[in-house]
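Everything numeric here is computed off the predicted structure, so don't read it as measured data. Here is how names work: the chains are called A, B, and so on, in the same order as the sequence lines, proteins then strands, and each is numbered from 1.
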Amino acid sequence: MVNAKADAGVYKNTKTRVKTDAVKLGKKTNSKLNTKVILCGVQLDNPIIPASGTFGYGYEFAEFYDINCLGSLSFKGTTREARFGNPTPRIAECESGMINAIGLQNPGIDAVINAELPKLREVFSKPIMANISGFSVEEYAYIAERLDEEEQVEWLEVNISCPNVRGGGMVFGTDSKAAVKVTKAIKAVTTKPVIVKLSPNVTDITEIAKAVEGAGADGVSLINTLIGMRIDLNTKQPIIANTMGGFSGPAVFPIALRMVYQVYEAVKIPIVGIGGVSRAEDVIEMMLAGATAVQIGTANLINPFASKEIVENLLNIMEKYKIKDLKEIIGGAH
Amino acid sequence: MVNAKADAGVYKNTKTRVKTDAVKLGKKTNSKLNTKVILCGVQLDNPIIPASGTFGYGYEFAEFYDINCLGSLSFKGTTREARFGNPTPRIAECESGMINAIGLQNPGIDAVINAELPKLREVFSKPIMANISGFSVEEYAYIAERLDEEEQVEWLEVNISCPNVRGGGMVFGTDSKAAVKVTKAIKAVTTKPVIVKLSPNVTDITEIAKAVEGAGADGVSLINTLIGMRIDLNTKQPIIANTMGGFSGPAVFPIALRMVYQVYEAVKIPIVGIGGVSRAEDVIEMMLAGATAVQIGTANLINPFASKEIVENLLNIMEKYKIKDLKEIIGGAH
Amino acid sequence: MLKIMKQSIFKIKENIALTDSIFKMVLLGDTSDLRTGQFVNIKLDGFFLRRPISVCDVDKKSLTIIYKIVGEGTEQMSKMTAGEKLDLLTGLGNGYDLTLAGKKNLLVGGGVGIPPLYKLAKDLKGNCTVVLGFNTATEIFYEDEFKALGANVIITTIDGTKGVKGLATDVLKDIDYDYFFACGPEPMLKAVYEQTKTSGQLSFEERMGCGFGACMGCTCKTITGYKRICVEGPVLVKEELVW
Amino acid sequence: MLKIMKQSIFKIKENIALTDSIFKMVLLGDTSDLRTGQFVNIKLDGFFLRRPISVCDVDKKSLTIIYKIVGEGTEQMSKMTAGEKLDLLTGLGNGYDLTLAGKKNLLVGGGVGIPPLYKLAKDLKGNCTVVLGFNTATEIFYEDEFKALGANVIITTIDGTKGVKGLATDVLKDIDYDYFFACGPEPMLKAVYEQTKTSGQLSFEERMGCGFGACMGCTCKTITGYKRICVEGPVLVKEELVW
Ligand SMILES: Cc1cc2nc3c(=O)[nH]c(=O)nc-3n(C[C@H](O)[C@H](O)[C@H](O)COP(=O)(O)OP(=O)(O)OC[C@H]3O[C@@H](n4cnc5c(N)ncnc54)[C@H](O)[C@@H]3O)c2cc1C
Ligand SMILES: Cc1cc2nc3c(=O)[nH]c(=O)nc-3n(C[C@H](O)[C@H](O)[C@H](O)COP(=O)(O)OP(=O)(O)OC[C@H]3O[C@@H](n4cnc5c(N)ncnc54)[C@H](O)[C@@H]3O)c2cc1C
Ligand SMILES: Cc1cc2nc3c(=O)[nH]c(=O)nc-3n(C[C@H](O)[C@H](O)[C@H](O)COP(=O)(O)O)c2cc1C
Ligand SMILES: Cc1cc2nc3c(=O)[nH]c(=O)nc-3n(C[C@H](O)[C@H](O)[C@H](O)COP(=O)(O)O)c2cc1C
Ligand code: FES
Ligand code: FES
């Protein structure tokens with residue numbers, strides 16, 4: 001429906017950089033390169049997954065390009081009831097990043113199952129990652145149970161790390177005991193692989209990772225947003241109505257990469273690497289640090305074609321850095 | 001000695017931005033504007049303090065400009081013995097920031113007192129902030145005691161948050177009990193105000209801030225660097241020889257600002273705001289969040305005239321945002 | 001409504017000051033899917049988020065936008081020169097629904113809410129009353145352009161230095177209209193909402209993460225549900241507002 | 001040694017490819033304090049850290065640098081054109097100490113270690129033997145320029161496609177010299193260190209945070225203490241190395 005034209009390349013930086021050499025190599029890309037990876041027993045054509053909250057329920061992006069080029073997608077964090085989320089302004093700009101305080105706006109699990117997923121199915125034939133959130137262990141389990149019946153949902157991504165809601169979200173992600181409870185409750189009601197999404201706002205992320213691994217998690221995804229803030233010099237008050245919000249974008253990449261690296265040494269379950277990834281090079285770095293798959297978040301907001309462009313550029317970058325099989329570089333920097 | 005020419009303005013961004021309007025206002029700056037602040041009973045002409053580790057022992061910068069324009073300066077973290085620090089490479093580039101893994105290279109407390117401080121005194125007549133580090137409570141106390149005798153040292157900034165050394169540094173900054181011990185030991189041997197420098201690599205920075213306040217700290221400074229990492233796609237190994245390092249620069253500003261804001265609500269002692277500050281506007285944001293004084297770190301490395309330019313631009317920015325007295329905006333965003 | 005968004009590169013044809021702080025920029029590029037009341041989202045070197053700016057005028061080759069310097073992004077824009085390029089997302093937002101327009105349309109604009117009304121007045125073939133509110137005479141722009149369309153233009157200034165002294169909304173009671181369109185700062189929109197007796201459409205602003213519906217950054221509540229200013233807005237009809 | 005550092009803006013006069021991946025850039029600006037063997041630190045739009053590049057040649061008005069595309073920063077540099085501006089820190093590093101030079105000086109350069117030797121050969125009035133090591137014939141640059149200075153130039157290529165087949169250090173034993181200067185990749189410097197019988201000066205590289213002594217990012221151990229490559233280096237004398 002859209003004459004998508006991706007003139008401007010992928011933004012690694014706030015500045016439009018010169019295109020990388022790799023783009024030129026594109027034509028003669030070696031078809032023997034293998035981008036397939038296996039995440040908790042499910043094969044992905046490539047490791048690229050748009051991150052929850054930055055890709056709606058997917059079908060909106062299908063108006064911009066054929067989203068079947070993606071490995072998978074993780075949809076907007078879903079709760080039991082419909083939620084409006086936080087008051088606006090919910091967005092603030094930062095150097096190489098942004099702050100959001102959406103507060104889990106979503107139509108609720110019924111609408112997701114009855115309206116959003118059918119629309120997504122029409123345009124997307126790949127396995128889906130369902131991102132779920134809750135304000136109590138019961139709520140998490142309830143949503144997991146509901147989604148367990150959805151065939152196209154291959155993984156449950158359990159967001160215990162949303163910094164934008166009180167009394168839920170991140171409280172589960174900063175306390176090992178709570179994280180364990182949520183994980184166990186969900187494992188009890190689903191046979192689908194459970195990937196727990198961890199918060200970076202902790203002293204030691206490996207402690208939480210080990211705890212959820214012990215509780216039966218099949219994988220971990222990290223990182224969610226860091227808590228950040230900006231103040232408006234004109235009003236002299238916080239820009240975000242909710243005072244603080246979740247900080248994401250290229251600025252957080254070195255922190256995310258470090259955490260993926262640390263968690264890789266701490267657990268045996270696969271890791272989905274997230275945080276500031278904006279181009280194919282970043283994907284490779286994440287995988288070398290230990291990620292089996294990689295999510296693209298904020299980059300989709302700045303450049304709606306980011307995920308697609310990253311998929312397209314992946315082969316070029318593999319060629320440039322002499323990588324034949326992506327699977328084989330996972331954890332390669334250790 | 002140097003024909004310092006600051007053509008390029010202060011870098012807020014990796015990109016050389018257009019100069020702000022404020023620079024133009026410069027000429028007609030209102031002399032009634034007051035930039036003086038009082039930090040733990042000591043008055044500073046302005047709140048600008050180059051951050052430890054980014055300004056050597058100060059006198060080197062005196063070759064570039066008259067450093068007496070600064071409010072104070074915090075010198076390189078000093079330990080009992082001379083230290084080489086970590087193997088190189090110690091530096092990696094990031095989006096809007098950098099990673100360092102210096103590992104507290106310094107000539108040791110004797111050389112600092114006998115060689116560095118005398119040189120600094122020749123070129124700097126302002127109060128000095130002495131940044132100290134250690135690998136044991138005793139080492140911290142020993143250095144504090146030695147510096148207690150140095151007249152020009154007005155504050156001891158106790159670095160319990162260096163991410164680049166093992167068995168010292170950050171272990172004190174991520175554990176309230178250890179932080180309390182260090183603080184008490186230092187308070188016991190000095191009459192100078194003790195400012196404890198906190199690590200951002202914690203789940204709840206207010207907990208540590210409250211703990212050191214309870215132990216007698218006269219102030220807190222925050223943040224030190226976040227732990228970050230980069231991987232070299234050519235070698236497929238970490239860039240930093242030590243694997244990880246401390247991430248700093250404009251990228252971390254929203255996190256630092258948030259922590260200053262949180263700590264301001266948690267403690268009564270003054271806060272020195274640090275982290276990504278690269279221009280006068282950032283200084284105002286930090287003070288609105290709750291900082292009494294503000295340190296400039298990485299910005300000095302990218303632009304050796306950064307601290308000076310920020311001091312110069314402060315009056316313009318105060319005028320632009322209708323601020324008459326800097327003291328009065330401290331914590332103004334709450 | 002079919003969502004048509006494009007990312008493409010535009011070239012600056014001209015960029016001139018209309019007042020001290022308000023600039024007009026004419027851009028050349030793919031304007032094929034730009035509708036009245038929509039906005040574009042502009043990538044600026046050195047800034048992370050794009051800047052949303054309304055379509056002021058559009059023809060087959062060129063897009064005109066009018067923007068005010070309020071911060072560093074717009075300041076940087078004001079220093080750009082002909083020939084420089086900008087990366088735009090175009091075709092964003094719902095735009096005005098002209099099928100709902102009346103016979104005697106009233107257009108009320110305040111400050112940089114005025115630009116989108118220009119193309120609207122054009123679409124209405126100048127057959128409308130346009131109230132343009134400013135703070136003071138030196139801030140007035142586009143009065144002649146609206147007049148050239150044949151519209152009945154009423155200028156208000158708060159300090160009375162030109163036109164009617166007062167707010168744009170102060171003159172509404174004396175105007176004969178059966179439908180209205182309004183764009184401007186929120187307090188003005190609220191006053192228009194309260195003081196108009198007919199139906200109408202109002203254009204809103206919100207801080208945006210994406211501008212095309214992906215982030216939920218710009219949502220507002222309406223009586224017909226949650227709406228994203230960037231997709232279901234920026235134009236909302238009066239009856240759905242929850243003021 | 002007096003530390004003289006300046007920050008100033010240079011204008012690109014020319015930027016041309018010498019080989020597939022090696023470029024020569026001539027910059028116009030304040031060259032008053034640039035010495036042989038020193039380096040400049042270049043700010044590039046969109047990159048956080050500056051890029052250190054050696055002084056290849058310098059006169060009253062212009063500075064010549066030669067750089068190889070190894071990553072994104074140098075790639076971006078290679079696309080810049082005459083007239084564009086760059087922000088440089090100049091006067092960085094100690095530079096070569098010519099007072100220690102001998103009567104029969106040997107200069108050994110490998111790859112992009114070659115550029116700083118050019119100004120050195122010039123200072124020595126061409127009165128030196130210059131060994132330039134490359135991988136292959138197509139990578140050779142500046143052979144003629146060194147010859148034009150009157151220097152005795154020996155080219156080596158690893159694959160033997162031009163000059164002597166082998167490493168730059170393979171030819172040292174046949175040369176008569178009483179002092180040397182070397183610049184190149186670390187393995188080459190190590191070999192020069194091991195295979196030279198006289199004293200000499202070697203130029204090092206290290207990842208830098210600042211380039212002017214503030215961050216301690218570039219320190220190395222020498223027998224005379226810790227030295228910062230950016231201040232007490234990049235040139236170290238053979239005797240202080242701890243290899
Ligand atoms: C749908 C829509 C249409 C608009 N049309 C116009 C127009 O035609 N002419 C015009 O002058 N302005 C218009 N605006 C407002 C314009 O987007 C802001 O003035 C501009 O983004 C400010 O950027 P800055 O960098 O100068 O300000 P800064 O304050 O430095 O910007 C910081 C951040 O806040 C955002 N921001 C600041 N003010 C606003 C605002 N009022 N609305 C949304 N985001 C804001 C910026 O986009 C940026 O992300 C419109 C806004 C929206 C949402
Ligand atoms: C004193 C000195 C003099 C130099 N002189 C020259 C010269 O004359 N010609 C030339 O071609 N190169 C020279 N180099 C190397 C040059 O600095 C790097 O090739 C360049 O910084 C790479 O930048 P990039 O963005 O292309 O690479 P990237 O790998 O993308 O850069 C990433 C980061 O690593 C740093 N980096 C990468 N390689 C090096 C390196 N070898 N040394 C130091 N930092 C590095 C970059 O500066 C940057 O901070 C010199 C280095 C030093 C320290
Ligand atoms: C606007 C926005 C909304 C988000 N919503 C969710 C969410 O609903 N659930 C979730 O698990 N993560 C959410 N996230 C976090 C992202 O999925 C991702 O973990 C984070 O932004 C870091 O990646 P990035 O730097 O690539 O954006 C959101 C992020 C953004 C920017
Ligand atoms: C190269 C470098 C060396 C540093 N060394 C020290 C140190 O010795 N002691 C200390 O307390 N902090 C040290 N820091 C941390 C800074 O003082 C500061 O807290 C941190 O960099 C965040 O501020 P910035 O973003 O403005 O740099 C160092 C930072 C850098 C970049
Ligand atoms: S700005 Fe992202 S949904 Fe509207
Ligand atoms: S690079 Fe900073 S001290 Fe050498």
Step through the shown structure and confirm whether more than 12 heavy atoms of other residues, nucleotides or ligands are within 6.0 Å of NZ on C:Lys61.
no
Heavy-atom contact with chain C under 4.5 Å, split by part of A:Tyr57
neither
When every non-hydrogen atom of A:Ile302 is compared with those of C:Gly209, the smallest separation belongs to CD1-O, 4.4 Å
Sort C:Lys85 into side chain, backbone, both or neither according to what part of it lies under 4.5 angstrom from a heavy atom of chain A.
neither
Distance (rounded to the nearest 0.5 Å) between C:Cys210 SG and A:Asn303 CG:
12.0 Å
Spacing of C:Met5 atom CE and A:Phe305 atom CZ [to the nearest 0.5 Å]
4.5 Å
As an exercise, state the distance from CE of C:Met216 to CG of A:Asn100, rounded to the nearest 0.5 Å.
11.5 Å
At their closest point, which heavy atom of C:Phe48 faces which heavy atom of A:Thr298, and how far apart are they?
CE2-CG2, 3.5 Å
Under 4.5 Å, heavy atom to heavy atom: which of residues 78-92 of chain A reach chain C? Give them by number, or say none.
A:Arg83, A:Phe84, A:Thr88, A:Pro89, A:Arg90, A:Ile91, A:Ala92
Working for side chain to side chain contact (heavy atoms under 4.5 Å, CB included), residues C:Arg207 and A:Ile239:
CA-CA 10 Å; C:Arg207 296 211 175 213; A:Ile239 290 178; 3.7 Å; yes
CD of A:Glu60 to CZ of C:Arg228: how many Å apart, nearest 0.5 Å?
6.0 Å
Please round to the nearest 0.5 Å and tell me the distance separating atom CG of A:Asn106 and atom OH of C:Tyr226.
10.0 Å
Counting only heavy atoms not in C:Asp20, do more than 12 fall under 6.0 Å of its CG?
no
Would you please test A:Glu93 and C:Arg51 for side chain to side chain contact (heavy atoms under 4.5 Å, CB included) and show each step?
CA-CA 11 Å; A:Glu93 187 182 45; C:Arg51 271 30 183 190; 2.7 Å; yes
With a sphere of 6.0 Å drawn around NZ of C:Lys238, does it hold more than 12 non-hydrogen atoms of other residues, nucleotides or ligands?
yes
